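Have a look at the structure below, then the notes.
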Amino acid sequence: QPPPNEDCPICFLRLPLGQSEIHYQSCCGKIVCYGCAFAGVIARASTEQICPFCRTPHESSRDEGIERLRKRIEARDTNAMHMLGCRYFRGVGVPQDYNKALELWHRAAKLCCKLSHCRIANTYNRGEGVEEDVKKAKYHWKLGAMGGDAESRYNLGLFEEEIEGNMNRAIKHFMISAVFGHDDSLKKIQDGFSDGHVTKDDFEKALRAHKESKDEMQSGQRDEALHYLRKQRLHS
């Protein structure tokens, strides 16, 4: 099985699986949960957002954020490579450039960045900026899953189910990622139980393990931060 998620370096709780619930600090390279990233702002203890780890003020512009990422890349920070690749892929703060995005993701993947393996796989699977190639997609999903990425593991399950037609192997992938708190994987296990592909015992084990993982990743501070961010988006 893949290793569990790392802990937030501030609250020491397991980091959530969703990329929308964690924050990469381009100042020091730490990944923290949103609960810790926005705790000072929510409590009005600070008039500006600062890094909860190194106390550096948040970048004041996209250009400053890009420059910080480039400096982190010089220090061989794979998360910075991944993040800048995502910006090039979407054209956020930099001109959209699929080739540069893939170059950065491949560079990070060679240094064992599981998120970059998943991004590369998704790109080949959808044929976005490259020729569609499901074999390359499966290869990178496999490497991402071996590194502990639950989304890569889930996508491997979908590949086995929809492309290879191997439901038994698909269920094994879904079981692993469900245990780590992946919601879509648990839904697949539930569907498999209804269709007779999953035993009652395995279904109950997946439910218990999924709940335990979700409990380890939840806190009142994190819920408050997500609520705060949703309100900010509604008023923006």
Side-chain angles (χ1 to χ4, degrees), residues 2-9 15-34 37 49 51-54 56-156 158-159 177 180 182:
N5 277 6
E6 295 178 358
D7 294 340
C8 171
L15 287 169
L17 294 180
Q19 294 300 296
S20 61
E21 298 179 48
I22 60 178
H23 194 273
Y24 172 76
Q25 305 296 130
S26 58
C27 44
C28 58
K30 298 296 183 181
I31 296 178
V32 302
C33 69
Y34 264 8
Q49 186 182 345
C51 175
F53 190 84
C54 69
T56 300
H58 190 69
E59 60 260 23
S60 58
S61 66
R62 281 183 174 174
D63 287 343
E64 184 182 354
I66 296 296
E67 182 60 28
R68 287 186 181 184
L69 287 176
R70 295 192 190 282
K71 287 182 179 180
R72 292 300 310 168
I73 289 173
E74 291 177 2
R76 294 171 62 85
D77 185 333
T78 58
N79 287 314
M81 297 173 196
H82 178 77
M83 293 295 296
L84 187 56
C86 292
R87 285 179 176 269
Y88 272 114
F89 190 80
R90 297 192 302 267
V92 178
V94 292
Q96 188 176 47
D97 191 323
Y98 290 139
N99 290 331
K100 284 187 178 180
L102 278 168
E103 179 185 341
L104 285 161
W105 288 338
H106 276 291
R107 185 178 170 186
K110 287 180 180 179
L111 296 172
C112 302
C113 179
K114 60 186 179 181
L115 297 178
S116 287
H117 276 301
C118 189
R119 281 285 191 170
I120 294 168
N122 292 344
T123 300
Y124 278 116
N125 184 55
R126 298 167 184 162
E128 296 176 316
V130 294
E131 185 177 349
E132 185 177 323
D133 191 326
V134 293
K135 288 185 178 179
K136 286 184 178 180
K138 182 181 180 181
Y139 172 76
H140 284 284
W141 278 328
K142 184 176 181 180
L143 291 177
M146 290 170 62
D149 182 51
E151 189 68 20
S152 292
R153 181 70 67 178
Y154 170 73
N155 287 334
L156 273 179
L158 292 180
F159 184 92
S177 45
F180 277 23
H182 192 269

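Note that the coordinates shown come from a computational prediction; the quantities given were computed from them, not determined experimentally. In what follows, every heavy atom counts, from backbone to side chain, and hydrogens, waters and symmetry copies are set aside. One is the number of the first residue; the rest follow in order along the sequence.
Taking both residues in full, the closest heavy atoms of G85 and L104 are given as N-CD1, 3.6 Å, listed atom of the first, atom of the second, then distance. Taking each heavy atom of I66 and G93 in turn, the nearest pair found is CG1-O, 4.2 Å. Residues R76 and L111 share a closest heavy-atom pair of NH2-CD2, 3.2 Å. Across I22 and Y34, no two heavy atoms sit closer than the pair O-CE1, 3.2 Å. Taking every heavy atom of both residues into account, A145 and S152 meet most closely at N-CB, 3.5 Å. Across E59 and S26, no two heavy atoms sit closer than the pair OE1-OG, 3.3 Å.
Considering only residues two or more places apart in sequence or on other chains, H182 meets the ring-ring contact (aromatic ring centres under 6.0 Å, His included) condition with Y154. In terms of the side chain to side chain donor-acceptor pair (under 3.5 Å) criterion, residue partners of E64 (sequence neighbours excluded) are, by chain and number, S60, R68. The side chain to side chain donor-acceptor pair (under 3.5 Å) test applied to H23 returns Q25, not counting sequence neighbours. Not counting sequence neighbours, S20 has no partner by the side chain to side chain donor-acceptor pair (under 3.5 Å) test.
F53 carries K30 over the face of its six-membered ring, with the cationic atom under 6.0 Å from the centre and within 45° of the normal.
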Start with the C-alpha distance between N122 and W141, add both sets of side-chain angles, then the distance that settles side chain to side chain contact (heavy atoms under 4.5 Å, CB included), and finish with yes or no. CA-CA 8 Å; N122 292 344; W141 278 328; 3.1 Å; yes
Is there a side chain to side chain contact (heavy atoms under 4.5 Å, CB included) between D7 and L15? Walk through the geometry before answering. CA-CA 5 Å; D7 294 340; L15 287 169; over 6 Å; no
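Residue pairs meeting the side chain to side chain donor-acceptor pair (under 3.5 Å) criterion with at least one member in residues 79-91, sequence neighbours excluded, are R70-Y88, H82-S116. Residue pairs meeting the side chain to side chain donor-acceptor pair (under 3.5 Å) criterion with at least one member in residues 91-103, sequence neighbours excluded, do not occur.
Looking at F89 and T123, their side chains come closer than 4.5 Å, going by heavy atoms from C-beta outward.
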